[in-house]
Amino acid sequence: MAKGRELKGRIKTTENTRKITRTMEMVATAKMKRALDRVTSARPYANALSEVLSSLYSPDLAERFPLLRQPEQERRAALILLTADRGLCGGFNSNLIREARNQLARLRASGVDVELHIEGRRGVGYFRYVGEALTTVVTGISEKPTADNAREIIDGIMSRFMSGELDAVYVVSAQFKSALSTPPATQKILPVAPPQRKGGAPDYILAPSADEILSDLLPLYVRNQLYRALVETAAGEQGARRTAMKSATDNAGEMLNVLRRTYNRTRQAAITQEIAEIVGGAAALE
Amino acid sequence: MLKVSVISPEKVLFEGEVESLVAPAFDGEVGILTSHAPMMTLLGKGTLRLAGSAGSYQVEGGFLQVVDNNVRVVTERAEKL
């Protein structure tokens with residue numbers, strides 16, 4: 001029964017693996033729920049900010065604010081890549097890395113000097129491996145990013161954009177369409193593309209002045225864009241993990257069916273053979 | 001009554017009706033009562049006090065917007081006291 005015991009071992013390991021993947025699936029589902037709550041509760045702030053910005057913005061202001069500066073030519077750009085800290089979430093991280101590589105190649109082909117800022121161990125690991133120089137490395141926040149995390153990442157970059165050292169800032173992050181679909185996307189967060197105005201704004205008393213309010217709120221808007229990218233990537237990671245673990249669990253189930261069937265067949269074959277041998281032996285004695 | 005919402009980047013901390021409020025504007029405190037003219041002002045660092053049982057919040061930066069008895073306090077950092 002050597003084959004039988006071997007099969008039994010494989011059944012056991014597959015069962016154990018399925019136990020792990022099923023647990024991971026459930027954990028990811030719970031975490032995704034919480035991450036999605038964070039995405040939803042970030043919305044009112046973003047809406048309020050863009051509403052106010054659009055009501056204060058007028059095209060002639062653009063020249064006076066460094067954050068709205070539209071450089072004629074991009075020479076130096078920053079690429080911020082957001083990935084997860086952990087793997088086992090299907091193609092989630094590799095999709096993000098591929099998108100970042102495409103953007104990198106596209107920018108470099110048009111003669112732009114690109115520097116990389118990476119959040120998440122997976123992205124950091126890959127770009128270190130291919131020997132890219134990383135300007136900023138942030139890890140350990142991908143599961144539960146806060147607005148302060150976003151501020152820490154973007155503030156240095158933002159002031160360098162304002163001083164003219166950088167001409168554009170891109171963010172590569174995941175969109176959360178559903179747990180099944182978390183495609184990567186690239187967003188240009190600097191120079192700021194002001195939200196379009198919808199309808200006339202009421203005649204506000206502005207204190208101190210439109211200019212000062214705008215120059216205070218623009219950095220907030222930029223920070224918030226990164227924050228939203230962070231929380232959406234966090235939700236995407238859990239969604240992708242849930243999907244990956246669900247199919248792993250399903251596959252383990254299918255594999256178990258096949259293994260059990262083979263095991264029973266060999267067991268039966270062995271019994272049949274034993275009976276045949278006994279009957280044969282008894283017949284030889286008569 | 002004023003409809004007030006206190007919003008931070010991470011979540012909405014308060015939403016409801018209050019009689020009046022006092023907010024820390026960039027140049028000193030500003031009090032808002034019903035039928036206030038539309039106003040937008042930058043916030044400094046300080047305590048936002050809502051009348052009645054709505055409580056107080058520590059806020060820092062951001063802005064306050066008043067339109068038609070709707071008050072929105074949008075701040076970078078907010079903490080319930």
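This structure is a prediction, so every number in the text was calculated from the model and none was measured. Below, read A as the first sequence line, B as the second, and so on, with proteins coming before strands; counting in each chain starts at 1. Note: hydrogens, waters and symmetry copies are ignored here, and every other heavy atom, side chains too, is used.
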query = chain A: which of B:I7, B:L42, B:V66, B:T41 shares the most heavy-atom pairs with it under 4.5 Å?
reply =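 Of B:I7, B:L42, B:V66, B:T41, B:L42 has the most heavy-atom pairs under 4.5 Å with chain A.
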Working for side chain to side chain contact (heavy atoms under 4.5 Å, CB included), residues B:H36 and B:L2 = CA-CA 10 Å; B:H36 198 289; B:L2 292 165; 5.7 Å; no
Tell me, for [X] versus chain A, whether the close heavy atoms (under 4.5 Å) come from the side chain, the backbone, both or neither.
| X | value |
| --- | --- |
| B:Q65 | side chain |
| B:T75 | backbone |
| B:V30 | neither |

inquiry  = Show, in sequence, the C-alpha distance, side-chain angles and deciding distance for A:E115 and A:E165, and conclude whether the side chain to side chain contact (heavy atoms under 4.5 Å, CB included) test is met.
reply    = CA-CA 12 Å; A:E115 57 183 56; A:E165 248 182 89; over 6 Å; no
Could you tell me which portion of [X] (side chain, backbone, both or neither) has an atom closer than 4.5 angstrom to a non-hydrogen atom of chain B?
| X | answer |
| --- | --- |
| A:T40 | neither |
| A:R43 | neither |
| A:L217 | side chain |
| A:R228 | neither |

task = Please test A:E237 against A:R86 for side chain to side chain contact (heavy atoms under 4.5 Å, CB included), starting from the C-alpha separation and ending with a verdict.
result = CA-CA 9 Å; A:E237 177 196 346; A:R86 289 165 195 280; 4.3 Å; yes
query = Going by atom types alone, do A:T186 and A:E99 pair a side-chain donor with an acceptor below 3.5 Å?
reply =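 The answer is yes; a qualifying pair exists.
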query = Do A:I189 and A:Y221 touch side chain to side chain, with heavy atoms closer than 4.5 Å?
reply =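 In short, these two side chains do not touch, never coming nearer than 4.5 Å.
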request  = Taking the side chain as every heavy atom from C-beta outward, state whether A:Q225 and A:V171 have any atom pair closer than 4.5 Å.
outcome  =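 Heavy-atom side-chain distance check fails, nothing below 4.5 Å.
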ask   = Do you know which of A:T146, A:N224, A:D37, A:V39 has the most heavy-atom pairs with chain B at a distance under 4.5 angstrom?
value =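 Sorted descending by pairs with chain B, the first entry is A:T146.
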message = Please check this pair: side chain of A:S181 against backbone of A:S178, looking for a donor-acceptor N/O pair closer than 3.5 Å.
response =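 Judged by distance alone, no pair lies under 3.5 Å.
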